[in-house]
Each structure stands twice: as C-alpha cells, then as structure tokens.
Amino acid sequence: MTADQAIAIRCTVNGEEHTLEVGPGETLLQTLRDRLSLTGTKEGCLEGECGACTVLVDDLPVDACILAAAAMDGRRIRTVEGLSTGERLAPLQQAFLDHAAVQCGFCTPGVLMTLTALLEQRPSPSPEEVAAALAGNLCRCTGYRQMIDALLAVAKEARP
Amino acid sequence: MTAIGANLPRSDGEAKLRGDAVFGVDLAVPGMLHARLLRAPVPAGIIRRIDTAAAATSPGVRDVVIGADVPNQRTGLFIFDTPCFATDYVAYEGEPIAAVLADTPEQAEAAIGKIELEIDEQTPVATPEQALAPNARPVHPSWAKFATAGGIEIARKGNVVAEIVSDPGDVDAAFARADRVVEGFYRAPRQYQAYLEPRMALATYQAGRYTIQVSHQYPFRLRDRMAQVLGVPKSALRIVGHHIGGGFGAKLDLGLEAFAALLARRAGRPVRMVNTAEEERLTAPCRENATVRIRSAVRDDGTILAQDVEVLFDSGAYANNAPAMASIPMFMFGSIYRVGTARIRARTAYTNTAPTGAFRGVSGTYLVFAAERHMDDIANELGRDRREFRLASLADDGHRMLNGQALEQLSILRRAFDLVEQRAPWTEQGRGALRGVGIAAIVWLTNPAPGQATVKLNEDGGLMVVTAATDNGSGAVTIGLRQIAAECLGLPVEQVVVTMPDTDVAGYDGGSQGSRTTHVTGRAVHDATAEVRETVIDKAAAMLEAAKEDLVIEDGIVQVAGVPDMRLSLAEVAMAATFSSGPIAATASYATPPPPHDPERTKGMLFATWPTPTYHVHLAEVTVDPVTGQVTVDRYVIAQEVGRTINPDAVMGQIHGGLAQGLGYALWERVDIDGGRYVQRSFETHGLPLACDMPAVEAVLMEHPEPAGPYGAKGTAEPPIVPVAAVIANAVSDAVGAPIDEIPITPEAVLRALD
Ligand code: FES
Ligand code: FES
C-alpha cells in the first residue's frame, strides 16, 4: 500500500475514536480484523451472503466484508467486542448462553449484532419479526429456534 | 445426580459470544506466508502443458509447486486413487493443479493467474449412470493399479468404485409367490454442508516435524492422511485443533493441510491457506447424489415377502469414504419392518465431479427417503392406512437385521409411534386434499470409533480432561464430556476443563462423527474419572481416618456421610496426594465392540454392523399452495430415543439444527450438476434454510439407558436429519395425491404433481 493511495478516515469503533489510513480496495472487515485486531467479527463467505461479518454502522446491521473502509469516514461502528461491559455479558449475550443458542459460534457475532439492532428499533418484536430480521444471517447449526427464544426472553425481561 | 440431565452452559459459549474464541481462520503467526491453489477450470481433460515461469517471477512469490515437484503418490482412505496435484489429467472442476506461495494472499492469487495451463478438454463423465454405461470412458484409466489401504479387497471395476451385493438366494422365489410387486425409483441430489467457516490450514515445519493448526473434526485421521501424502511417519505430525466454524462431515478428511505442509517445509516458514467461498462450493465433500430402486414382493394381506434393492451413488472423482458407505443400505432395509428376505446391491461410481463425502446422516437421508416413501407406496397400493400399515409391518424385539445383528430394543419404536400419536393424532386427510401428513421411522447408529481420555485432578481441586475429541458445535465436548466428568467425581461442572485437541498430547480419538463423542469418548471420560475418584476416596479415607465406604463426594467436598465435620475439599486431597504419593490422574480408553452378526451376510462390507442403535419416529403436517407450489410445514413432531439425556437444551439444539438441514434437503437446497459442473455457486442460490423457514417443532425424548454408555447415553446429534426428507416427501405426496419420488421437492414439482 503506497501512501498516495491511502485514504484518511475518522470513525468510532465501539465508542473509541480512530484515525486510520485505509487502502482504496480495503473492506471494513479487513480494517476491523487486520488493522484493529478485532477478530470477533467473522470472515465467512466474503461475498455478502452469510452475515458472519455483520457489524452495526450508525446502528444499522451491514455486511462488513462488502463495505469499503474508505466510506466509513464519520461513521459510528459497533462490533461484537463492544457488546459487553467489562466482565458482564450484555443481556442478549447472556440469554444466548442460557438458551443454548450458540453451537459452532461462527455465525454468533453477526447474529448478535443483527439482533442488537432489532432490539434497539423494536423492543418487543414478535417471533416472526425476529425471524425476518435474521434473513441476512445464515446459521447452519442451530435451526435458529434457540436464538429466537433467547431474543424474545430478553425483550420480555426489558418490558416494564 | 446433579449434572446429568441439567441445562448447564457450554464452556466455550462465553468466548464465542464475546468474539474471543479463536477459529481456524483467525489464526496467524509471525513470519507466515500465504498460498493459493490453481484449480482445474474444467471437469475433465488431458493436461498438455503447465508453465509456471511467469508465476515464479511475479511480485512477492516465494515458490511455485506442481505435481512433478513433490512425491505426489496416490493416497486415500480405502482406495489409493487421489494425487496431491493433478498431473496428467483433470478429474473434476476445482482439482488442485499447482500451488503458489507468496508474501500475501493477493500476491499468490495474482501469480496463480500467470500460470499457463493447456488442457485438452474431454467430455465429462457427469453422472453415475453415464459412468456405468457400457462404453463409458474410465475416469481413471489406471484404476486397476490403485492400491487399497492394508490391501483390503474391494469389489471394483472401471468406474465402479465399490460394489456390495448381499443375496440370501431366496429372493426370486419369494417374488414368484407374491400377489403383487410394488416398484419405486427414488432420486436424491447432492447436499452441500454449507459450514460458515471455510476450510483452512496453518502449517509449520521445524526440526523434522510438522505442526498443523486447523479447525478439523478428526485430527487423528488428518494426521494419518497427511502421513500418507507427505510420506512421513505419523509421529512426524502434530495436529492442533481450534474452534470449528461448522463441519457436519466436511472437515473429517484432508483439505488444504498437506499443501500447506509441503510448502512450509520447502520455504522453512509457516504457511497459511484458506479456501475462498467459491473453492468451498466447488470442492466440499458434499453428500452424494443417489438413486434407489426398490421392488417389493407383497401379499394382498400386507405381508412383505421380499425386497430387491438397488442403490447407485456418486463417488465423484475419487473414492474417499464411498467404499464404506456402500455398506449402509444393508441397515436401512429389513431392519425395522419385516420384509421376509432381501437382496441388496449397492454400487458407487466415479464421475468427473468433486469427490463426495460425509454429511450428517451419511447415506441414511436418501435411503430412508426411498425406504419410507416406498412403505407409503405399498400401503397406498393395498389401500391401507399408512401409519397402521407400518405398525403392522413393524418387527419385534430381537428382530435380526440383514447383517444378522439382533435389534433387542426395537419395540422402542412402537412407543415412539404412540408418543407421536398422542401429540398429533394421525388423520388421513384424503389424498390430494392440499393438506397432507407424513410419517417415517428409523433405527440409527452411534459410531463406534475409539476414544481415550486422561483425567487429572489439579492441586486446586479442578479437573482437567485431556482428549482429542472435537466439538464442531454440538456441545458433545464442551457440554457432554464435562457434565459426565462432573457427575462422576462430584464437583461443579464449572471446575471441569476439557482441552482442545492436540495429537501430541491426547490419545487417539475417532473424531466428531456419527454422534459418537458423548457415548464413546464420554465412556472413556467416565471410566478415567471413576478411577480418579477411587484414588481420591483412598487418600481421603486415610487423611480422615474413615472407612472408604462411608465417604461421599459432592460439590467438590469429600465427607463422611452424615458427619459434616469430617470433610476435606478436593483441593486438600489433591494437594496432599500430589506431594506425597504423586499427582492424581487416570487414563481410560473405549471403543464400542462390534455387535454379534452373521459374517456370511457381510462379506466385503467395510462397515458390517450397526452399533448402539437408537430409535426415532418423525411426523409432519404440510400444506401445499396450488397456485405457487410452495410447501408449508405446519407442524413437525419427533419422538427421539437418546439412551439418556445429558443436557436437554443441547439435545434440542441438535434436533432443531438437524431438522433445518433435513428440511433444506427435502425442499429447498440445490446442488445441480450440469455437464460435470456445479450450477449453484453462491449461498443464496443454494437455498439454505433461513430463520423464517423453520416450522414449530415438538420433540419428545425417550430415555432407554444403554449400560455401555456414560450414564446410559447413546448418540443423539446425527439422527434428527435422517428421516426428514422421507417424512416431508410422504406428507407432500399425500397432499398432492401423487407420489413425489425426487427431492428437493420444488414448487415446480408440486405444481406438476397437481396437474
Ligand atoms: S463474510 Fe460477509 S457476508 Fe459472509
Ligand atoms: S452456530 Fe454454527 S453457524 Fe450458527
């Protein structure tokens, strides 16, 4: 990567301010994994089809593997590493653990980000809405049921 | 008991939820180089020229390797037919031809594009039927010279990779006595495992030994296969396993590992390789496409006098595990229903397509689809209620399968039919009513391959379980083995740690396949822990000056029963033992002994028995849309026998996941082959099940503890996929009023049937 090709961006990742020089062909996934060592976001198909690389950009779930890093200037990015507060798992993470919603775990970070966005937008979704929200996240292990149950449990818990 | 039957969380769950878990593709070591493969762009052809000169001088390139540069002897699981690199001819699209090593993956990829390759294309042998045609071109001209593992005899010829014939000799006479003959022909496609993490390898070579870091389901088989390919002793290889991003059978054999190892040795640097998504789709060892022809000799009173079964399945370009899978039809016919006598002929053929391999429920998915579709065909032909006909045909305890093995607990199936009936009372809707119901039953096995565990009591009272068992997501290791050890010793499950697999450290383990880990490795863990427990009791009895019989261990505390004051923590006992008599540890091994059977009937079979059977009934209610042809699964009910439930949520996870894969296979997933090439090349076009596709599931677990298993546990993870296609096809056939004998059941097929 020669310096003249590099593009300077400023963005926040999990609340932390970053000034980065990224390549023109670099994806957000490469930036996260290779530059920032945030390898929790998974590298699956790299074709925008599996959802293993889902992160939140300005609160919306997107496939980081097909998103240009250069377009992230001024954006607010959240990844799985930012979900918990220190030792404590986020309620959604804890619910996944309690509902046996994790099997191989490769889809899990992406699924968590998609469902985090869902909860922020719709605090009390129906089971059908949860399933529809997961349309961009493939999971080959779980059959999705226990993930949906986990999310519904969190939503119920949060209701006043 | 506290740990058995409890919904305790998996030990790797938190790391996976935080993004901390290290999968194969997350691995990196300082100084590593990157390699890419040149893969065959056509399914069949003669290689005329490979010129690597331009690639070798491409920026960043360290090495370029073709078949001529390495030993390249043919190797394999059963038939030694697979070269490392194709040299003279190409046998399938995606076959490795050359490897490029460079400083970055991009440089390696760029150099791959500079290799000049001339291939005279041949017309591919695209299907098993073409392969067996009288004048078919042999996929491997020198097939007759291929050696077999240990010199075993495999009936093979030309494009026939293996043939199993089991004929008791009285089948034709039975057909002569029949009132009618019911015949069916059933067809199933390939199925792609579609694990999310691509196959990868990170190899280093140092001081005469190779270390391979990988996400793999069966590290010891990988070790053995690599030893073959590299021509080095098994002990020169160390396989270190990491978290596996799904496998379902696809990560049981060699992938990229040998290439990475060869290059690492030549370069003296670590080498990392990862398949692209397209490479995975081209080369994954899919479930084999197959056809099954069944003829049944039937009396008008419903007695089945005989069955004549012909199975033909696609091995792809190399044999892989197909010679063993050719045995499986022997267990899918005449096993649960009385069929009088049966002749089985199973053949597997070479084609110019990617080698097929293992996928959860190997062979069973389409054999049960055929066998149970056929039961409906017979019932319909006789005008019998399909459920009642099954119950009337169901054999009794002690019934002998075609291999002569007795199923001592077959009546569990009757109970399973009852339990399903209680939840979803069987009502024939009337054929063609657009609503339909389907039912199917199976007996499935628990893979018997050996396992070993070493259990060590740490000085702080924590328990360390050392095994090479792998957890490809099921929780068999991170839940099952830990709960078994915790129960056996009497300590909280959080204090049990199971190591990640490492062939230098742990004893041989048969890998995550065939639901074996909880049963087989679990038994080894149980036995080793029981020995540790005995040592603890001995030591504590001496320390407490108590009688051994009076001691109990609960929650990590050894105490004299009923005397709370006379107690020691496991830590105190372990500490005292470690520095007096020595550390407390034990090792145990287990492999399921082959059940008694009739060797006369299993001649030539590489898989002769059906160990540790479990029993299952599935039922589905479906609706078909007469306008769109869409099938909706309204209800799905399962009665599954598990031996003993170690963790109910984990078993349910296997049921939901297996059902999803089974529904995909039955209704949506496509792996079409056109002229030897795969048509679908993206996840999207494969039609994998999404969250919104999943129906409600009701499952009942039946416990019939198996004395040989840890706390009675048998295999649970594999069977939920096996009968799904059969049940769905039966339900849809019922709904449309016409037999659907091919999967996946596309909307077009539904509309055709309704026409
Ligand atoms: S890795 Fe980005 S969608 Fe699959
Ligand atoms: S848990 Fe394995 S892909 Fe979802």
Side-chain angles (χ1 to χ4, degrees), chain A residues 25 33-34 37-52 79-84 89-90 92-112 127-128 130-149, chain B residues 7 9-10 12-23 25-26 28 193-198 243-248 274 276-278 280 471-475 479 647-650 652-661 663-664 682-684 688-694 696-697 720:
Chain A
R33 288 178 61 91
D34 302 342
S37 298
L38 294 171
T39 53
T41 305
K42 291 298 160 216
E43 195 175 279
C45 65
L46 299 181
E47 293 176 348
E49 289 186 342
C50 73
T79 71
V80 68
E81 287 91 346
L83 287 181
S84 55
L89 291 177
L92 185 62
Q93 289 171 310
Q94 187 62 47
F96 262 56
L97 201 57
D98 297 340
H99 286 79
V102 182
Q103 287 191 30
C104 85
F106 203 78
C107 70
T108 308
V111 166
L112 288 173
E128 292 72 27
V130 183
L134 285 175
N137 294 83
L138 282 177
C139 173
R140 191 55 153 167
C141 298
T142 65
Y144 307 98
R145 182 75 256 159
Q146 286 156 317
M147 295 179 176
I148 296 173
D149 290 346
Chain B
N7 284 323
R10 57 187 306 141
D12 58 1
E14 192 167 328
K16 286 175 173 177
L17 284 156
R18 287 182 185 276
D20 289 346
V22 176
F23 291 83
V25 290
D26 297 326
Q193 290 91 347
Y195 38 89
L196 293 197
E197 185 202 19
H243 289 299
I244 307 166
F248 317 110
V274 184
T276 64
E278 188 184 14
E280 285 297 338
D471 196 314
N472 74 351
S474 70
I479 294 170
N647 180 311
D649 280 352
M652 283 311 296
Q654 292 311 297
I655 288 177
H656 292 303
L659 174 62
Q661 292 171 350
L663 289 174
S682 69
F683 271 130
E684 220 161 342
L688 298 168
L690 300 175
C692 51
D693 296 323
M694 289 301 294
V697 187

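Residue numbers begin at 1 in each chain, while the letters A, B, ... track the order of the sequences.
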Query raised in the report: Is it the backbone or the side chain of A/Thr39 that comes under 4.5 Å from a heavy atom of chain B, or both, or neither?
Result: both

Report summary line: Of the listed B/Ala696, B/Ala15, B/Cys692, B/Pro689, the one with the largest count of heavy-atom pairs under 4.5 Å with chain A is B/Pro689

Query raised in the report: Taking only residues two or more places apart in sequence, or in another chain, which ones meet A/Arg140 in a salt bridge (Lys or Arg N to Asp or Glu O under 4.0 Å)?
Result: B/Glu669

**Report entry** Pair B/Glu14-A/Gln93, side-chain donor/acceptor within less than 3.5 Å
**Finding:** no

**Report entry** Option that, when pairs with chain A are counted at under 4.5 Å, heavy atom only, ranks first among B/Gly247, B/Gly658, B/Ser682
**Finding:** B/Ser682

Query raised in the report: Contact part of A/Leu112 toward chain B, heavy-atom cut-off under 4.5 Å: side chain, backbone, both or neither?
Result: side chain

**Report entry** Non-neighbouring partners of A/Leu46 that pass side chain to side chain contact (heavy atoms under 4.5 Å, CB included), sequence neighbours left out
**Finding:** A/Leu29, A/Glu43, A/Cys65

Query raised in the report: With only heavy atoms counted, which part of A/Tyr144 is less than 4.5 Å from chain B, the side chain, the backbone, both or neither?
Result: side chain

Report summary line: Looking only at B/Pro9, B/Gly13, B/Ala194, the option with the highest number of non-hydrogen pairs under 4.5 Å against chain A is B/Ala194

Query raised in the report: Hey, are the side chains of B/His243 and B/Asp12 touching, using non-hydrogen atoms and a 4.5 Å cut-off?
Result: yes

Report summary line: chain A shares the most heavy-atom pairs under 4.5 Å, among B/Ala660, B/Gly245, B/Gly664, B/Ala21, with B/Gly245

Report task. State, yes or no, whether a side-chain contact exists between B/Ile655 and B/Pro720 at a heavy-atom distance under 4.5 Å. Result -> yes

Query raised in the report: Among A/Asp98, A/Val102, A/Leu38, who wins on heavy-atom pairs under 4.5 Å with chain B?
Result: A/Val102

Requested in this report: Take B/Thr276 and B/Glu278, measure what side-chain hydrogen bond (donor to acceptor under 3.5 Å, both in side chains) needs, and give me the verdict at the end.
Outcome: CA-CA 5 Å; B/Thr276 64; B/Glu278 188 184 14; 5.4 Å; no

Report task. Among A/Gln103, A/Glu128, A/Gln146, single out the residue with the greatest number of heavy-atom pairs under 4.5 Å to chain B. Result -> A/Gln103

Report task. Determine the option with the most heavy-atom pairs under 4.5 angstrom with chain A, choosing from B/Asn647, B/Val697, B/Leu196. Result -> B/Leu196

Report summary line: Counting heavy-atom pairs under 4.5 angstrom with chain B, the leader among A/Cys104, A/Ala131, A/Ala133 is A/Cys104

Report task. Heavy atoms only, distances under 4.5 angstrom: which of A/Gly136, A/Cys141, A/Ala100 has the most pairs with chain B? Name it, please. Result -> A/Cys141

Report summary line: With chain B, the option among A/Cys107, A/Gly105, A/Ala52, A/Gly40 that has the most non-hydrogen atom pairs under 4.5 Å is A/Gly105

**Report entry** Side chains of B/Met652 and A/Arg145 in contact at under 4.5 Å (non-hydrogen atoms)
**Finding:** no

Report summary line: The interface call for A/Glu47 against chain B, heavy-atom contacts under 4.5 Å, is side chain

